[in-house]
There are 4 protein chains.
Amino acid sequence: MPTLTTKRDDVLGSALTLFAERGFDATTIPMIATDAKVGAGTIYRYFDNKEMLVNTLFQHYVTLFRETLEKDYPVEADIREQFRHLFQGMIRFTNEHDHALYFIKTHTSAYFLDATSREQFGDLLMIFETFFEEGKKHSDIRPLPSKALIAIIFGSFLQLYQLIRAGELEATEELLKGVEESCWDAVRHHS
Amino acid sequence: MPTLTTKRDDVLGSALTLFAERGFDATTIPMIATDAKVGAGTIYRYFDNKEMLVNTLFQHYVTLFRETLEKDYPVEADIREQFRHLFQGMIRFTNEHDHALYFIKTHTSAYFLDATSREQFGDLLMIFETFFEEGKKHSDIRPLPSKALIAIIFGSFLQLYQLIRAGELEATEELLKGVEESCWDAVRHHS
Amino acid sequence: MPTLTTKRDDVLGSALTLFAERGFDATTIPMIATDAKVGAGTIYRYFDNKEMLVNTLFQHYVTLFRETLEKDYPVEADIREQFRHLFQGMIRFTNEHDHALYFIKTHTSAYFLDATSREQFGDLLMIFETFFEEGKKHSDIRPLPSKALIAIIFGSFLQLYQLIRAGELEATEELLKGVEESCWDAVRHHS
Amino acid sequence: MPTLTTKRDDVLGSALTLFAERGFDATTIPMIATDAKVGAGTIYRYFDNKEMLVNTLFQHYVTLFRETLEKDYPVEADIREQFRHLFQGMIRFTNEHDHALYFIKTHTSAYFLDATSREQFGDLLMIFETFFEEGKKHSDIRPLPSKALIAIIFGSFLQLYQLIRAGELEATEELLKGVEESCWDAVRHHS
DNA sequence: GATGAATGAGTATTCATTCAT
DNA sequence: AATGAATGAATACTCATTCAT
């Protein structure tokens with residue numbers, strides 16, 4: 001006996017993979033339906049239309065990501081420890097939800113995102129923004145706009161993630177450690 | 001008498017802008033034709049089909065970008081100078097060819113890129129790879145896989161460029177200087 | 001304990017209203033199910049398919065209309081009295097079965113009516129045909145084909161009924177009296 | 001060499017027939033395309049969408065019908081002559097534009113008619129309304145609401161027309177003469 | 001060479017119908 | 001018996017591509 005509303009989850013799963021791999025516009029409803037082993041019409045039982053589907057997906061993973069980062073956040077620890085928490089959070093989230101972070105990043109400024117999606121994405125960025133603002137106050141972080149610092153971290157991480165997914169790089173403990181160090185050096189204040 | 005094959009260039013110009021702004025799938029041939037002030041059929045005189053058009057465009061700008069980086073490469077200078085050359089090349093290219101780098105970034109792993117496009121993109125990365133390999137030999141660069149280092153630089157730069165295009169960040173001299181420093185710290189070997 | 005096969009009647013009732021108001025093609029099975037407070041699948045327990053449902057409905061009301069006209073038919077009365085009976089029968093039927101006559105009118109020549117429906121509609125017209133044939137024999141009725149005379153009466157009445165339903169005309173006693181007179185003058189033999 | 005924009009006319013012709021025979025909702029774009037021997041996409045070169053197509057068709061024939069009735073209107077003649085003009089106009093228009101009048105009548109109160117269509121239909125009715133109002137003033141016409149009188153004439157005529165199209169009645173000169181007389185008796189004031 | 005009208009395969013979406021519960 | 005989730009064929013409409021002019 002299958003779990004309740006398996007089909008809805010199947011659709012979301014297939015949509016995540018396809019949107020991440022091909023993008024929203026290049027992914028057709030029949031593609032999703034076939035991949036999810038579901039009739040095309042079934043998708044419309046759970047989602048009003050294709051845009052509702054992306055937005056649902058986007059919000060789901062943005063929220064999940066935010067929660068991952070917020071969970072056990074070491075408020076009292078030093079800034080390097082906090083950075084480690086955030087960076088390891090990105091890695092953990094990526095491992096647990098294969099295409100999710102790449103999907104989020106590539107669809108962040110898409111024309112079809114609704115207000116809620118944009119708002120929740122804003123909430124996500126806020127975590128990093130707060131971290132960087134705080135760090136700059138104590139001169140622990142480079143005096144660059146927080147948005148630029150976020151771009152550097154995210155850009156690096158996602159580009160790297162793409163290489164790993166493509167099999168061009170292996171995600172060893174050592175590599176991830178080195179990249180974290182590199183990213184930290186990119187944003188920290190060098191005295 | 002108008003310049004020869006002006007129309008072909010008009011098409012390429014319009015395609016670049018539209019692909020960069022809306023993406024390949026959301027850009028229609030009639031859109032390009034209208035923007036280029038050309039009949040839709042004319043596009044097919046110069047390009048076999050839509051995919052041929054993107055690939056031509058992609059290869060054109062990837063090659064141009066590579067040439068920009070290679071030109072006046074300071075082979076004899078020290079590594080920091082070489083890094084500056086590459087980073088300033090990215091900036092210069094971006095300024096001279098408005099949508100080109102963004103177009104390259106957003107279409108780098110697209111499903112419709114052919115072998116030649118992927119190969120030429122590989123050639124482009126090779127410049128950075130050579131730079132990093134050489135740097136690691138002299139312990140000037142962090143001992144990470146070159147691919148990872150490229151991902152960090154490219155990822156950062158392109159993500160940043162996206163913010164600038166979106167108007168969320170202003171490309172001041174100071175910002176660019178700071179970002180270059182940040183990227184350099186991300187890849188250089190810290191003793 | 002609820003009345004037996006209430007659900008079948010609920011479906012027929014909702015179908016009548018919706019078919020009359022929106023037409024067969026614009027009415028969906030889910031609409032009927034919702035309106036009848038019944039599951040969509042339940043409709044298929046009572047009717048093989050949507051076409052069977054319309055035909056059942058059509059036949060039901062055509063027969064009911066025929067019976068209304070036949071009941072207490074004043075066989076012995078003079079022709080004017082017989083005409084009054086028929087005309088008042090149309091009015092009475094309309095009052096008792098709100099959407100029925102309009103539904104019949106708008107679906108009379110529909111592509112999905114089966115042989116039985118067409119036959120029973122023929123039987124209904126037969127009442128008028130008999131009336132007119134008899135009247136022409138005695139030179140009380142205009143020497144036109146009975147079918148033409150029926151068209152005139154039916155066409156007039158139903159067109160009028162449409163206006164009343166649309167709220168553009170009020171069905172006062174006086175109006176109905178006047179229209180009856182008009183229709184009678186349309187078919188009677190003027191010496 | 002075919003006449004210019006033949007295809008647009010072919011589409012309109014096929015649409016008229018199909019809308020008249022099956023109704024708007026039951027007529028699909030592929031049906032029209034097939035009947036007009038035209039690609040489905042071609043229809044959209046000439047009409048924005050299906051609703052635009054019906055409205056164009058509706059307005060075209062309503063206007064044509066109005067012009068037919070207004071042409072050579074015997075303003076100075078007596079009322080019987082004017083009625084003949086109108087009635088013969090309906091016949092002539094029906095003969096020249098096979099399904100047009102039936103299409104107009106069956107789609108008059110459709111949900112998809114736009115403001116222009118409704119307005120132009122109002123203009124058409126105005127001709128009859130003016131005629132009846134004038135007639136009632138001189139006690140030549142029965143004291144019924146003009147709308148009712150129009151319903152009687154149109155209802156009769158169209159119901160009859162259906163019979164003729166179905167082959168159940170032959171449109172002889174004699175029949176049409178008789179029906180005109182009948183309709184006249186239906187609306188004229190009997191002293 | 002250049003055009004744009006014409007096409008039909010492909011898209012998102014709806015809905016009659018089935019069937020496991 | 002009754003339900004409503006699931007389906008896929010069918011719908012309106014779009015767009016890459018062709019081809020007569």
Would you kindly give the [atom1]-to-[atom2] distance between [X] and [N], to the nearest whole Å?
X: C/Leu53; N: E/dC15; atom1: CG; atom2: C1'; result: 15 Å
X: C/Arg45; N: E/dT21; atom1: CZ; atom2: P; result: 16 Å
X: C/Ile43; N: F/dA1; atom1: CD1; atom2: P; result: 15 Å
X: C/Tyr46; N: E/dA16; atom1: OH; atom2: P; result: 20 Å
X: C/Ile32; N: E/dT17; atom1: CD1; atom2: C1'; result: 13 Å
X: B/Arg8; N: E/dA2; atom1: CZ; atom2: C1'; result: 16 Å
X: D/Asp10; N: E/dA5; atom1: CG; atom2: C1'; result: 14 Å
X: B/Met52; N: F/dT17; atom1: CE; atom2: C1'; result: 15 Å

**OP:** Quick one: look up who E/dA6 pairs with, Watson-Crick or G-U, both distances under 3.5 Å, and put none if it's unpaired.
**Re:** F/dT17
Subject >> D/Arg8 side chain near D/Phe47 side chain, heavy-atom distance below 4.5 Å >> reply: yes
Original post:
Does a side-chain heavy-atom distance below 4.5 Å link A/Asn49 with A/Met52?
Top reply: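 Yes; the side chains approach each other to less than 4.5 Å.
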Original post:
Relative to the ring of B/Phe19, is the ring of B/Phe24 parallel (under 30°), tilted (30 to 60°) or perpendicular (over 60°)?
Top reply: tilted
Original post:
Under 30°, 30 to 60°, or over 60°: which ring-plane class applies to D/Phe121 and D/Phe58, parallel, tilted or perpendicular?
Top reply: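 Taking D/Phe58 first and then D/Phe121, their aromatic rings sit tilted (interplane angle of 30° to 60°).
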**OP:** Taking atom types as modelled, find out whether D/Tyr111 and D/Asp25 have a side-chain donor-acceptor pair closer than 3.5 angstrom.
**Re:**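 Yes, a side-chain donor-acceptor pair sits under 3.5 Å.
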Subject >> Test item: side-chain donor near acceptor, C/Ser109 and D/Gln162, under 3.5 Å >> reply: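 Short answer, yes.
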When you compare the protein's N or O atoms with those of nucleotides 13-16 of chain F, which come within less than 3.5 Å of each other, and at what distance?
residue	atom	partner	partner atom	Å
F/dC13	OP2	D/Tyr44	OH	2.8
F/dC13	OP2	D/Lys50	N	3.0
F/dC13	O5'	D/Tyr44	OH	3.4
F/dA16	OP1	B/Lys50	NZ	3.2
F/dA16	OP2	B/Ile29	N	2.6

